[in-house]
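Not measured: the values here are computed from a predicted model.
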Amino acid sequence: MRRVSRSLHFLLKMNGLLLLQLFDQKYKEFYVLHTLMGSKDFLAFTLAQSTRLALTPFSFVLGQHTQVEVWDTGVIVFEPFESSGKDIVLSCAVHGNETAPIEICNALITRLLAEEIQAKQRVMFLIGNPEAIKLARRFVDENLNRLFNGGHAKGDRVNPERERAKKLEEYVERFYTQTLNGQRLSGKLGDDPARCRIHYDLHTAIRASKHEKFAIYPYSPNKKYSSEQIMFLAKSGIDTILFHNEPTTTFSYFSAHHFQAHAFTIELGKVYPFGQNDLSRFTQLNARLLGLITAQELPVPPLNMAEVNLYRVARSINKGFEDFQFSFDDNVENFTAFSQGEVLATEGGQDVVVEHEMEAIVFPNAKVPVGQRTLLCLVPASADNIE
């Protein structure tokens with residue numbers, strides 16, 4: 001009898017602990033949901049978390065129209081009960097000090113959470129590197145936008161950016177291949193004609209640009225470029241397109257290569273701290289993104305070469321020696337043109353010179369580690385590969 005009593009006491013004790021754990025978990029879920037919906041500020045909610053500690057995923061329903069899931073720190077998905085056929089990824093803060101895209105995305109998330117607007121397309125927002133945001137730095141240990149498409153697995157380094165890149169890849173794959181209710185979408189190597197995948201990875205550049213807003217179209221050797229996407233961006237105030245010439249380890253290339261997404265790295269002007277961005281300069285982009293998410297009619301005219309500036313990457317210049325230095329000043333703008341024979345940089349006792357009749361430069365950065373890209377050289381592009 002005593003043995004039975006002890007067993008019963010043990011079972012009651014264990015059940016009590018399980019109930020306490022269950023209550024504790026439910027309380028935590030209620031607390032985080034109350035915190036987010038109290039402010040409807042996903043950026044503040046994200047920065048209060050830590051990417052080093054796993055956030056327990058949670059979900060909730062907005063009205064009777066949208067399921068929302070927070071998968072991880074800085075990862076939120078809006079799944080309308082009735083989707084119009086587009087799967088949209090909007091990412092920002094892959095570089096933590098590029099604040100304008102963060103403010104643009106956070107404002108859209110706030111309006112969705114407040115039900116001022118209603119998602120009619122599946123959309124995932126990614127705040128790429130929250131720890132770098134907290135430090136107001138481009139990255140913590142390593143450039144996150146050089147770690148996608150398997151870049152995070154190269155070498156034997158282990159750091160927060162590599163761990164984050166791997167997770168972000170997994171979230172994009174999950175989003176593009178499976179809905180929140182478990183329904184499978186098309187496989188990652190195939191196109192689903194019923195759906196359209198889009199990934200706009202939003203950035204700002206280290207230096208000013210002669211073309212303030214521009215987009216990099218990832219390398220796609222066996223696929224025509226989309227005139228509809230080019231003109232959509234043009235009507236968003238992004239009138240300059242760079243066609244890349246090789247595979248890269250950027251976030252946009254990952255989505256384009258593995259999931260056939262219409263993916264772009266989009267530069268929205270120069271880097272400024274929070275509170276110093278002139279958000280009026282993004283009115284066109286905000287209107288287009290809002291229309292895209294809410295499935296409004298967004299007329300896109302045929303390709304008009306008078307409305308766009310097209311470049312292709314002629315070559316990438318990588319840093320070969322520690323003494324690498326540019327021949328031009330730090331305040332030289334992106335898209336500044338140099339003539340054939342002019343010296344762009346020196347390193348290892350050699351000159352790096354312009355090879356084509358004219359080359360425009362973008363993303364000059366002499367401070368990268370040896371072996372990494374210091375500069376892209378551009379030449380004018382035609383519309384031959386656009387449909």
Please determine whether the number of non-hydrogen atoms from other residues, nucleotides or ligands lying under 6.0 Å from atom CG of D330 exceeds 12. no
Cluster question for you: counting only ILVMFWY and a side-chain heavy-atom cut-off of under 4.5 Å, with indirect links fine, are F148 and F363 together? no
side-chain hydrogen bond (donor to acceptor under 3.5 Å, both in side chains) between H152 and E169: does it pass, once the steps are laid out? CA-CA 10 Å; H152 55 79; E169 287 184 348; 2.9 Å; yes
Considering only heavy atoms from C-beta outward, does the side chain of E307 approach that of M231 to under 4.5 Å? yes
Between R312 and L242, is any pair of side-chain heavy atoms under 4.5 Å apart? no
With a 6.0 Å cut-off on ring centres, are F251 and Y171 close enough? no
Answer whether the closest heavy-atom distance between the side chains of L62 and Q67 falls below 4.5 Å. no
Could you walk me through whether I109 and F78 pass the side chain to side chain contact (heavy atoms under 4.5 Å, CB included) check? CA-CA 9 Å; I109 296 170; F78 294 85; 4.1 Å; yes
Under 3.5 Å, is there a donor-acceptor pair linking the side chains of E228 and H262? no
Is the side chain of K213 donor-acceptor paired with the backbone N or O of R281 at a distance under 3.5 Å, no angle test? yes
Beyond-backbone contact of R288 with V300, side-chain heavy atoms, under 4.5 angstrom: yes
Report yes if the distance between the aromatic ring centroids of Y217 and Y219 is under 6.0 Å, otherwise no. no
Count I, L, V, M, F, W, Y as connected when their side-chain heavy atoms are under 4.5 Å apart, and connections chain through other members. Are F175 and F81 then in the same cluster? no
Less than 4.5 Å apart, side chain to side chain, heavy atoms only: is that true for C92 and I104? no
Mind checking whether I386 and V313 sit in one hydrophobic cluster, side chains of I, L, V, M, F, W, Y counted as touching below 4.5 Å? no
Aromatic centroids of F254 and H199 separated by under 6.0 Å: no
Give a yes or no on whether Q350 atom CD has more than 12 heavy-atom contacts from other residues, nucleotides or ligands under 6.0 Å away. no
Pair K120, K86 - check side chain to side chain contact (heavy atoms under 4.5 Å, CB included), show working. CA-CA 9 Å; K120 295 291 186 179; K86 288 184 171 67; over 6 Å; no
Could you tell me whether K319 and E347 have a side-chain N and a carboxylate O separated by less than 4.0 Å? no
List the steps and the verdict of ring-ring contact (aromatic ring centres under 6.0 Å, His included) for F326 and F324. CA-CA 7 Å; F326 290 116; F324 183 99; 5.1 Å; yes
Audit row: L344, C377, side chain to side chain contact (heavy atoms under 4.5 Å, CB included) steps and yes/no: CA-CA 10 Å; L344 295 174; C377 295; 3.9 Å; yes
Below 4.0 angstrom, N of the basic side chain to O of the carboxylate: do K270 and E212 qualify? no
Kindly check if the number of other-residue, nucleotide or ligand heavy atoms within 6.0 Å of CD (E116) is above 12? yes
Rounded to the nearest 0.5 Å, the CD atom of E357 sits from the CD atom of Q340 at a distance of 7.0 Å
Yes or no on salt bridge (Lys or Arg N to Asp or Glu O under 4.0 Å) for E161 and R164, after CA distance, side-chain angles and deciding distance? CA-CA 5 Å; E161 271 87 9; R164 185 67 168 173; over 6 Å; no
Less than 4.0 angstrom from a charged side-chain N to a carboxylate O is my criterion; do E170 and K166 meet it? yes
Within the structure provided, determine whether H95 and N143 are in side-chain contact (heavy-atom separation under 4.5 Å). yes
Is V354 reachable from F328 through a run of hydrophobic residues whose side-chain heavy atoms are each under 4.5 Å from the next? yes
For this output row, return yes or no: ring centroids of Y311 and H211 closer than 6.0 angstrom. yes
Please confirm whether F243 and Y225 have ring centers closer than 6.0 angstrom. yes
Heavy-atom distance under 4.5 Å between the side chains of Q121 and L292, does that happen here? no
Tell me, with the steps shown, if Y253 and T248 meet side chain to side chain contact (heavy atoms under 4.5 Å, CB included). CA-CA 6 Å; Y253 178 79; T248 65; 3.4 Å; yes
Could you tell me how the ring of F45 sits relative to the ring of F58: parallel (under 30°), tilted (30 to 60°) or perpendicular (over 60°)? perpendicular
